[in-house]
Amino acid sequence: MQVVPLDQQNRFFFEDLQNWLTSNLCYSTRLPKGGTTWSCLFGIIAWCIWKNRNLFIFQGITCNALEIVKVSYTWAQQYELNHNEFHGDILMVSLSNYGGKVRLLLIAEQKTHSEPDFFSGFRGAPVALTFHPTSHIYHGVVSKCKILHGRYLATPWLSSPHFQTTFLNFFGNPPAFSYRRQLFHASDGGTIALDWLTSSDISRGAFEVNHTISNEDTTPLVVVIPGLTSDSTSSYIKHLAFGLAKHGWNVVVSNHRGLGGVSITSDCFYNAGWTEDARVVIDYLHHQYPKAPLFAIGTSIGANILVKYLGEDREKVPVAGAVAICSPWDLLIGDRFICRRLLQKLYDRALTIGLQGYAKLHEPCYSRLANWEGIKKSRSIRDFDNFATCFVGKFETVDTYYRRSTSTPYVLNVSVPLLCISALDDPVCTREAIPWDECRANKNIVLATIKHGGHLAFFEGITGSRLWWVRATDEFLGVLHSSSHMHKKKTEITEQKASIESSIDQGPYVNVGEDGMVAAVGSAHAGNKSVEHFTGLGSIQDKTVLGTEQTQQQTEAKSDVAGSGGEVSGECSSLQRIKCFDVIAASKRWLNHLLFRKNGKSVWLLVYIAIITSWPILGSALRIFSRKKLRNFSAATSHRR
């Protein structure tokens with residue numbers, strides 16, 4: 001089968017690459033059989049060869065050269081039948097300008113991601129799960145999630161990650177509803193907008209927001225931390241909030257400072273590693289609704305903040321479970337990646353424009369605290385961080401900021417059931433930064449990776465009206481909520497251990513047992529009210545109550561002393577003597593028990609140590625005593641003579 005024109009066969013060996021590509025793509029002569037143009041067939045064959053090369057390298061799938069030519073020839077005929085001619089000259093003109101490069105790359109990306117779905121019968125790609133072999137989160141929760149064990153099929157006309165990401169930001173098909181706004185004031189004077197959407201708001205049909213949640217409510221509560229320059233009005237956040245509320249959950253979106261239509265009221269701004277706002281908001285919600293299981297979801301930069309917060313506080317977090325969607329993980333790697341290729345640079349520029357718009361809203365603060373002229377001239381995220389974030393956050397360099405804000409070092413410390421979802425074709429957060437080994441080593445983490453999905457998109461269905469990761473998150477949290485694997489705050493255990501370790505110094509009495517063990521015992525007077533117990537998980541509450549009782553007893557004792565004068569003083573002094581006597585007697589019993597054990601080696605070892613350590617003093621005393629005795633004896637003898 002000969003498809004290459006005779007006048008083009010020899011040019012392959014004599015021309016450089018650029019001229020060779022130009023001549024082939026501009027050769028619009030139709031082939032004798034089929035009527036297709038050589039430029040169209042050449043482009044499809046080149047694409048097929050490259051695609052099969054990738055299949056061979058990454059999946060070990062071999063291909064046949066003749067089959068590639070036949071398939072390419074058929075596609076070229078169908079393509080020209082539906083789209084008339086493939087104008088190679090127009091393509092080359094487009095290649096000569098910047099916009100043409102972007103259009104060509106987007107078309108190539110769309111074809112690259114749509115053709116595998118076609119050949120697989122539109123079955124989609126399976127979800128790859130990474131977890132520890134003995135992970136109780138996987139075996140008890142994720143193994144019951146059908147969506148995570150299924151396949152993801154992208155919307156056919158949005159199969160490219162760039163199309164998905166772009167469509168999400170400009171359209172997104174978000175559901176229509178309204179939030180209930182609550183302003184939370186931080187201790188430093190900052191203001192955080194909390195936007196609520198409750199399950200009752202959705203169940204009533206008309207989206208009214210007059211419903212308030214009782215402090216005794218047991219409905220699960222989900223805290224959502226948005227991504228960079230995103231707030232509760234972002235399309236993907238509205239998809240998530242509506243999906244969770246529709247299934248009976250209460251949702252609160254914790255907007256970053258200065259976003260959501262709220263002004264900056266302090267000199268503190270949010271950044272990629274700022275976890276304090278998430279910490280205070282989660283603690284506030286936990287204390288405000290103590291009976292409601294609390295879950296957390298972070299997206300993009302919000303996922304980085306969430307994972308870092310979970311790793312910093314470890315078992316002390318009041319979060320029952322968490323989900324991290326499209327986290328950048330390592331900001332240094334992400335910074336290098338987003339400047340690598342043309343399309344990544346476009347995302348970098350788009351995000352920089354968003355950051356500049358955020359800074360423009362709060363220009364008085366930024367012009368006072370940062371380099372405003374540098375902010376206006378920033379062309380990348382790194383430039384903005386150099387002129388803004390480093391000044392406000394007191395970071396020495398941009399790399400220092402990225403290193404300190406990266407969440408990867410905290411992955412191993414996460415003690416909460418955590419589901420992480422990432423797309424391998426994410427054009428913003430590269431797969432190179434995913435901490436595969438750390439996630440596999442932590443029994444509390446399950447990492448789900450999908451070949452396609454873009455950044456926070458994962459559109460599915462013909463109309464692209466649903467996000468796959470929203471359904472996966474909803475199912476995971478639902479199964480986790482109905483299981484026994486939800487995390488429970490364990491701050492009390494830590495403080496309990498600290499109290500036990502320091503109780504010997506704090507106890508008013510010292511008790512020496514028959515086995516020689518020394519222990520502190522609380523005072524037993526006043527009806528044994530202040531005896532301390534270190535059982536259960538409520539030691540913080542017990543410790544607070546005991547401290548109050550001891551303070552009251554001390555106050556009462558002082559008032560009694562003031563009222564009864566010397567009589568009470570005498571009783572106190574006698575009580576102190578009794579305490580000292582008890583301590584001395586107990587110490588003697590302990591020493592006697594130690595010295596008269598059956599183990600003779602221990603006794604003789606103690607005797608040897610005692611002689612060695614006391615010999616200098618004892619020897620000097622014996623020498624002085626013997627000299628006096630000898631002198632007295634000599635004097636008496638001479639006197640008798």
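None of the values given here were measured: they were computed from a predicted structure.
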Trainee: Run the salt-bridge test on Arg404 and Glu396 with the 4.0 Å N-O cut-off and return the result as yes or no.
Mentor: yes
Trainee: Are the side chains of Leu221 and Trp196 in touch, meaning some heavy atoms are under 4.5 Å apart?
Mentor: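 Contact flag for Leu221/Trp196 side chains = yes.
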Trainee: Are Ile305 and Ile301 side-chain neighbours, meaning at least one heavy-atom pair lies under 4.5 Å?
Mentor: yes
Trainee: Report yes or no: does His362 contribute a side-chain atom to a donor-acceptor pair with the main-chain N or O of Gly258 at less than 3.5 Å?
Mentor: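 Pair found, side chain donor or acceptor close to backbone of Gly258.
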Trainee: Evaluate Phe269 against Tyr366 for ring pair (Phe, Tyr, Trp, His ring centres under 6.0 Å), listing each step before the verdict.
Mentor: CA-CA 10 Å; Phe269 292 77; Tyr366 271 110; 4.5 Å; yes
Trainee: Closer than 4.0 angstrom, basic N to acidic O: yes or no for Asp437 and Arg440?
Mentor: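 Judged by the 4.0 Å cut-off on N to carboxylate O distance, Asp437 and Arg440 do form a salt bridge.
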Trainee: Just say parallel, tilted or perpendicular for the rings of Tyr284 and Phe184, cut-offs at 30° and 60°.
Mentor: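 Tyr284 and Phe184: tilted rings.
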Trainee: Using side-chain heavy atoms (C-beta onward) and a distance below 4.5 Å, is Val323 in contact with Ile325?
Mentor: yes
Trainee: Between Tyr401 and Trp274, is the ring centre distance below 6.0 Å?
Mentor: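 No, ring centres 6.0 Å or more apart.
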Trainee: Answer yes or no: is there an ion pair linking Arg336 with Asp399, defined by an N-O contact shorter than 4.0 Å?
Mentor: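 Answer for the salt bridge query: yes.
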Trainee: Let's go through Asp267 and Arg368 carefully: what are the C-alpha distance in whole Å and the side-chain angles of both, what is the deciding distance for salt bridge (Lys or Arg N to Asp or Glu O under 4.0 Å) to 0.1 Å, and is it a yes or a no?
Mentor: CA-CA 10 Å; Asp267 290 345; Arg368 178 171 51 89; 2.8 Å; yes
Trainee: Roughly how far apart are Cys339 SG and Leu342 CG, rounded to 0.5 Å?
Mentor: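 Output value for this atom pair is 12.5 Å.
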Trainee: What residues form a ring pair (Phe, Tyr, Trp, His ring centres under 6.0 Å) with Phe384, not counting sequence neighbours?
Mentor: none
Trainee: Show me the pairs that pass ring pair (Phe, Tyr, Trp, His ring centres under 6.0 Å) and involve residues 402-436, at least two apart or across chains.
Mentor: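 Residue pairs with at least one partner in residues 402-436: there are none.
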Trainee: Any chance you could lay out the side-chain contact (heavy atoms from CB on, under 4.5 Å) test for Arg181 and Val262, step after step, and finish with the verdict?
Mentor: CA-CA 11 Å; Arg181 171 62 57 90; Val262 177; 3.6 Å; yes
Trainee: What about Phe167 and Phe163, are their ring centers closer than 6.0 Å?
Mentor: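 No; Phe163 has its ring centre 6.0 Å or more from that of Phe167.
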Trainee: Could you go through the salt bridge (Lys or Arg N to Asp or Glu O under 4.0 Å) check for Asp188 and Arg257 one step at a time?
Mentor: CA-CA 12 Å; Asp188 63 327; Arg257 298 190 183 207; 2.8 Å; yes
Trainee: Tell me if a side-chain donor or acceptor on Asp217 pairs with a main-chain N or O of Ile213 at a distance below 3.5 Å.
Mentor: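 Between the backbone of Ile213 and the side chain of Asp217 there is no qualifying donor-acceptor contact (under 3.5 Å).
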Trainee: So, for Ala303 and Ala324, which heavy atoms are closest and what is the spacing to 0.1 Å?
Mentor: CB-CB, 3.8 Å
Trainee: Do Ile297 and Ile225 have side-chain heavy atoms sitting under 4.5 Å apart?
Mentor: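 The answer is no; the side chains never approach within 4.5 Å.
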Trainee: Strictly below 4.0 Å, N to O, side chains only: are Arg279 and Glu312 in salt-bridge contact?
Mentor: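 Salt bridge between Arg279 and Glu312, a charged N being under 4.0 Å from a carboxylate O: yes.
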Trainee: With a 3.5 Å distance limit and no angle check, can you tell me whether Gln164 reaches the backbone of Leu158 through a side-chain donor-acceptor pair?
Mentor: yes
Trainee: Considering all heavy atoms of both residues, which atom of Ala433 and which atom of Thr408 are nearest to each other, and what is their separation?
Mentor: O-OG1, 4.3 Å
Trainee: Apply side-chain contact (heavy atoms from CB on, under 4.5 Å) to the pair Ser235 and Asn173, showing each step before the final yes or no.
Mentor: CA-CA 7 Å; Ser235 298; Asn173 293 332; over 6 Å; no
Trainee: For the residue pair Phe242 and Pro175, what are the closest heavy atoms and their distance?
Mentor: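 Result for this residue pair: CB-CG, 3.5 Å.
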Trainee: Sub-3.5 Å donor-acceptor pair from the side chain of Lys238 to the main-chain atoms of Pro174, do we have one?
Mentor: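 Not at all, since once roles are kept as given, no pair shorter than 3.5 Å links the two residues.
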Trainee: Can you name the one residue among Leu447, Thr449, Leu419, Val142 that meets side chain to side chain contact (heavy atoms under 4.5 Å, CB included) with Leu129?
Mentor: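 Only one of Leu447, Thr449, Leu419, Val142 forms a side chain to side chain contact (heavy atoms under 4.5 Å, CB included) with Leu129, namely Val142.
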Trainee: Taking all heavy atoms of Ala241 and all of Val251, pick out the closest pair and write down the distance.
Mentor: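 Closest heavy-atom pair between Ala241 and Val251: O-CG2, 3.8 Å.
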Trainee: Give the minimum heavy-atom separation between Asn255 and Ile192, together with the two atoms involved.
Mentor: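 What the structure gives for the nearest pair is O-CG2, 3.3 Å.
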Trainee: Verify, without hydrogens or angle tests, whether His481 (side chain) and Leu477 (backbone) share a donor-acceptor contact under 3.5 angstrom.
Mentor: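 Checked: no pair found.
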Trainee: Does the pair Ser214 and Tyr289 meet the rule for a side chain to side chain donor-acceptor pair (under 3.5 Å), with working shown?
Mentor: CA-CA 8 Å; Ser214 170; Tyr289 310 100; over 6 Å; no
Trainee: Treating His139 as the side-chain partner and Pro133 as the backbone partner, does any N or O pair qualify as donor plus acceptor under 3.5 Å?
Mentor: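 Indeed, once roles are kept as given, a pair shorter than 3.5 Å links the two residues.
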Trainee: Between Val222 and Asn250, is any pair of side-chain heavy atoms under 4.5 Å apart?
Mentor: no
Trainee: Evaluate the criterion side-chain contact (heavy atoms from CB on, under 4.5 Å) for residue pair Tyr236 and Trp469; output intermediate values, then yes/no.
Mentor: CA-CA 10 Å; Tyr236 67 92; Trp469 66 267; 4.1 Å; yes
Trainee: Are the aromatic ring centres of Tyr347 and His162 under 6.0 angstrom apart?
Mentor: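 Yes; His162 has its ring centre under 6.0 Å from that of Tyr347.
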Trainee: When you look at CZ of Arg431, are more than 12 heavy atoms from neighbouring residues, nucleotides or ligands closer to it than 6.0 Å?
Mentor: no
Trainee: So, taking the atom named CG in Leu306 and the one named CG in Leu418, what distance separates them when rounded to the nearest 0.5 Å?
Mentor: 7.0 Å
Trainee: With the threshold set at 4.0 Å, does a side-chain nitrogen-carboxylate oxygen contact exist between Glu432 and Arg340?
Mentor: yes
Trainee: May I ask you to test the Ser407-Trp329 pair for a side-chain heavy-atom distance under 4.5 Å?
Mentor: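 Touching, per the 4.5 Å side-chain cut-off.
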Trainee: Kindly compute the distance separating OG (Ser143) from NE2 (His149), expressed to the nearest 0.5 Å.
Mentor: 6.5 Å
Trainee: Between Gln182 (side chain) and Ala193 (backbone), is there a donor-acceptor pair under 3.5 Å?
Mentor: no
Trainee: Using only atom types and a distance under 3.5 Å, with no angle test, would you say the side chain of Thr406 pairs donor to acceptor with the backbone of Asp330?
Mentor: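 Checked: no pair found.
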Trainee: Applying ring pair (Phe, Tyr, Trp, His ring centres under 6.0 Å), run through Phe295 and Phe476 and close with a yes or a no.
Mentor: CA-CA 11 Å; Phe295 300 89; Phe476 169 77; 8.7 Å; no
Trainee: Does Val281 reach the side chain of Leu194, with side-chain heavy atoms less than 4.5 Å apart?
Mentor: yes
Trainee: Measure the spacing between CZ of Phe337 and SG of Cys429 and express it to the nearest 0.5 Å.
Mentor: 8.5 Å
Trainee: Roughly how far, to the nearest 0.5 Å, is CZ of Phe459 from CG of Leu153?
Mentor: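 Reported to 0.5 Å precision, the distance equals 14.5 Å.
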Trainee: For the side chain of Thr191 and the backbone of His185, is there at least one donor-acceptor N/O pair under 3.5 Å apart?
Mentor: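 The answer is no, because no donor-acceptor pair under 3.5 Å joins these two groups.
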Trainee: Charged N to carboxylate O under 4.0 angstrom, Arg471 versus Glu475?
Mentor: no
Trainee: Could you work out, with side-chain contact (heavy atoms from CB on, under 4.5 Å) as the rule, every residue matching Asp474, not counting sequence neighbours?
Mentor: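 Expected list: Leu244, His247, Trp249.
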Trainee: Within a strict 4.5 Å, meaning less than it, do heavy atoms of the His485 and Leu480 side chains meet?
Mentor: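 His485 reaches Leu480 side chain to side chain.
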Trainee: Is it true that Lys377 and Asp383 make a salt bridge, defined as a side-chain N closer than 4.0 Å to a carboxylate O?
Mentor: no
Trainee: How far apart are the closest heavy atoms of Ser232 and Tyr179, and which atoms are they?
Mentor: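 Closest approach of Ser232 to Tyr179: O-OH, 2.8 Å.
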Trainee: Side chain of Thr352, backbone of Ile381: donor and acceptor closer than 3.5 Å?
Mentor: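 Looks like yes, one N/O pair under 3.5 Å.
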Trainee: How many angstroms lie between atom CG of Asp201 and atom OG1 of Thr198, to the nearest 0.5 angstrom?
Mentor: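 One finds 3.0 Å between CG of Asp201 and OG1 of Thr198.
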